[in-house]
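Step one of this worksheet: look at the structure below.
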Amino acid sequence: MDLTTLNQEQLAAVRHADGPLLLLAGAGSGKTRVITFRIGYLIRQRGVLPAQLLAVTFTNKAAKEMKERVEELVGKRQCRGMIISTFHSLCVRILKEDIERLGYKKNFSIYGTADQVRLIKDLMQAVNVDGKKYDAERIQWMISDAKNRLIPPESYTVRYQDEYEYLAAEVYPKYQKALKAFNAIDFDDIIMLTVRLFREHPDVLEKYQQRFRYLMVDEYQDTNAAQYLLLRSLAGERRNLCVVGDDDQSIYGWRGADLGNILDFEKDFPGAAVIRLEQNYRSTGNILAAANAVIGNNRQRKEKALWTSGDKGRPIELVRCMDEEDEARVVMERIHAERFRHELQYREFAILYRTNVQSRAFEEQLRYENIPYVLIGGQQFFDRKEVKDAVAYLKVLVNRRDEVNLLRILNYPKRGIGETTADRLIRASAEGERPLWEVLCAAGEIEDLGEKAQEAVSGFVALMERYAQRFARTPNLADTAREFFAEIKLEDEIYRGTDDPKKARRRVENLEEVVNAMASYLEREEKPSLSGFLEKVSLLDEDRPDRDSKEKKLERDAVTLMSLHSSKGLEYPVVFMVGMEEEFLPHKNVLNQGADVEEERRLCYVGITRAQRQLVLTGAAQRKKYGQLQPRIPSRFLQEIPGELLDSQTSEGRPPASEEEQETMANNFFSGIRAMLGD
DNA sequence: GTTGCGTTTATTTTT
DNA sequence: TAAACGCAAC
């Protein structure tokens with residue numbers, strides 16, 4: 001650990017051990033390095049025990065990376081007991097320990113958005129009088145928003161008087177009650193319940209305050225009210241809280257992140273030291289100048305400017321294209337040309353866009369040109385129906401009170417428990433105020449159930465009980481799961497229910513991937529359990545297994561495609577920011593709602609600062625939308641970049657066999673040959 | 001319980 | 001344009 005490699009500010013931050021510290025770290029200022037050095041410094045120089053350290057991040061990826069870097073710095077042995085995790089994993093851990101104090105059982109289910117929406121739909125059906133269809137997702141969003149602001153059901157008040165608010169006010173308490181009856185918690189509860197646990201049971205809080213002597217938080221600008229309170233409680237009197245963040249990179253306001261947390265840190269923690277890291281080690285001068293110019297238009301921010309001791313680099317390219325197809329082609333041409341001229345690998349390119357749907361045109365073109373790529377985000381693996389079905393079975397095995405998932409699998413695959421039977425069971429459950437599972441177990445006692453139905457139900461109960469026991473006994477979870485899915489014939493059901501055989505094949509593969517994910521979980525984990533696996537799945541704590549997973553492990557050389565949001569924290573030698581048009585960036589919805597354009601500008605800033613050497617901005621003059629051509633207007637943020645930094649071009653549409661195109665074709669030819677040779 | 005057809009509706013970002 | 005949904009007919 002060589003402290004002399006740090007600049008003055010970085011060194012000051014590393015050496016600040018006790019008391020609150022606000023580290024304002026601009027993009028590319030070596031922030032992660034400072035955090036890891038600081039952890040190392042505390043352990044090595046200050047004799048802090050690893051178990052007394054807690055570092056919190058937002059994404060599993062960031063947590064994993066930080067952990068690896070610390071281990072590399074101070075040695076794996078010195079890291080034993082140190083916790084570096086996301087807010088959500090940390091809180092699940094805490095809840096696993098003491099949630100019984102709040103009246104839940106330890107085998108609680110974690111509900112993701114899809115589960116939540118399903119439950120809310122059911123509840124709305126029960127409430128709904130006028131037969132009008134309301135958007136359950138919107139209600140889900142409103143409840144989530146309330147939870148992020150720590151508003152419990154009983155305190156939810158209608159402020160704007162729109163019909164959705166009234167509906168939310170009605171549904172929210174029922175929703176929360178149902179969750180508890182199902183022994184389930186949703187994503188927002190993970191944080192909110194932990195805060196409540198600490199507040200209502202000071203002895204529990206004290207336990208953790210005793211343990212965690214030094215707290216560190218990355219991406220502090222993204223914390224919401226609940227997370228803020230959590231940190232505050234944990235920091236306690238000792239106030240050894242070091243937060244790292246950049247108000248200019250706050251892009252999760254829509255998820256309840258409160259920019260006030262970072263802007264008011266000095267007020268919340270009087271006497272806090274403030275250190276700014278403004279020297280940038282990532283990008284060229286031109287790129288930084290553009291970034292500074294754009295973000296300078298925001299009013300709500302702490303004044304700062306990135307600078308570099310390096311040179312200006314190449315100008316930023318701005319390419320005006322005809323339409324989305326043309327845009328994709330332009331990007332491909334650039335990739336080929338850059339790769340050729342500067343001997344770059346595919347993995348050194350990233351294509352960034354505002355919305356996930358924009359990836360499509362690029363994917364098509366990349367596939368057409370045989371360029372390998374990885375797509376980050378988009379349709380989540382665990383959101384696919386077949387995956388959710390499989391996971392639902394496992395969830396019910398662990399927690400039989402989980403009725404959302406119980407109802408999901410009750411008659412899937414078909415086992416003779418039709419709608420009428422299900423309705424009768426549900427009614428019996430409601431009338432007797434007993435959990436649905438108990439009713440199922442006692443199906444024989446329900447008179448209005450036919451003999452056949454009774455048999456079907458008890459068969460299902462027996463099946464679940466049998467496998468619950470097997471899972472509890474065997475260490476070989478993956479094999480048991482495979483057998484389980486085979487026995488209930490999930491695969492057959494997929495083939496039957498999918499007309500396109502190709503799609504069916506895909507889905508079956510996805511089902512297999514669930515078992516594979518479980519197998520790799522078993523390898524990694526010291527004391528594996530079914531509920532442990534489900535926890536990882538719910539928190540998306542695994543590299544998402546998709547059909548590329550094997551190759552991906554070999555660090556495939558591929559172009560990266562992702563949203564601007566997912567790009568935060570990453571860097572690439574060449575970055576394409578595509579779709580630089582009004583209504584994309586800033587996004588249409590933001591404009592309509594008259595909401596915060598500043599957050600969109602920050603998003604733009606995040607994108608620009610991902611680029612190390614070369615930044616290419618593209619936009620289309622027209623674009624197909626819902627099958628119709630629409631004229632497009634260049635993004636207002638482009639005008640905020642000083643003209644002298646830009647090299648503006650117009651794509652020539654399709655020039656008949658230009659030099660560049662010939663080069664493209666030649667490259668395609670060669671990459672085709674390489675592909676044939678198995679390169 | 002399923003299939004097929006016509007109609008509607010899109011509209012952001014994710015732990 | 002495309003996917004998702006509802007409804008009617010099997």
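Note on naming: letters A, B, ... go to the chains in the order of the sequence lines (proteins, then strands), and numbering restarts at 1 for each one.
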I need the CG-P distance between A:D189 and B:dT15, as an integer number of Å. 18 Å
Contact class for A:K625 vs. all strands (heavy atom < 4.0 Å): base, sugar-phosphate, or nothing? nothing
Using atom P of each nucleotide, how far apart are B:dT12 and C:dC5 to the nearest Å? 16 Å
Give the rounded distance in Å between these two atoms: CD of A:E493 and P of B:dT2. 8 Å
Protein-nucleotide distance (A:N589, atom CG; B:dA10, atom P), rounded to Å: 11 Å
Rounded to whole Å, the CG-C1' distance (A:D135 to B:dA10) equals 12 Å
Name all pairs fulfilling the salt bridge (charged side-chain N to carboxylate O under 4.0 Å, His left out) condition that reach into residues 352-365 of chain A, sequence neighbours left out, sorted by first residue then second. A:R354-A:E600, A:E363-A:R367
For a quick check, tell me whether the side chain of A:R354 and the base of B:dT13 share a donor-acceptor pair closer than 3.5 Å. yes
If I pick the P atom on B:dT13 and the same atom on C:dA4, what distance separates them, to the nearest angstrom? 15 Å
Ring centres within less than 5.5 Å and planes less than 30° apart: is that true of A:H88 and B:dT15 in this structure? no
Spacing of A:K121 atom NZ relative to C:dG6 atom C1', expressed in whole Å: 13 Å
Determine whether the aromatic ring of A:Y626 stacks with the base of B:dA10, defined as ring centroids separated by less than 5.5 Å and ring planes inclined by less than 30°. yes
So A:Y208 and A:F212, would you call those rings parallel, tilted or perpendicular, with 30° and 60° as cut-offs? parallel
Stacking between A:Y252 and the base of B:dT14 (centre distance under 5.5 Å, interplanar angle under 30°)? no
Between C1' on B:dT12 and CH2 on A:W141, what's the gap in Å once rounded to a whole number? 12 Å
Is the ring pair A:W254/A:H565 parallel, tilted or perpendicular, if the boundaries are 30 and 60 degrees? perpendicular
Verify the ring-centre separation between A:Y220 and A:F265: is it less than 6.0 angstrom? yes
Side chain to side chain contact (heavy atoms under 4.5 Å, CB included) involving A:R196 - partner list, sequence neighbours excluded: A:L102, A:L193, A:E200
For A:E600 and B:dT11, what is the distance between atoms CD and P respectively, to the nearest whole Å? 16 Å
Please work out if A:F58 contacts a base, only the sugar-phosphate, or nothing of the nucleic acid, heavy-atom cut-off 4.0 Å. sugar-phosphate
Quick one: A:Q116 CD to B:dT15 C1', roughly how many Å, whole number? 12 Å
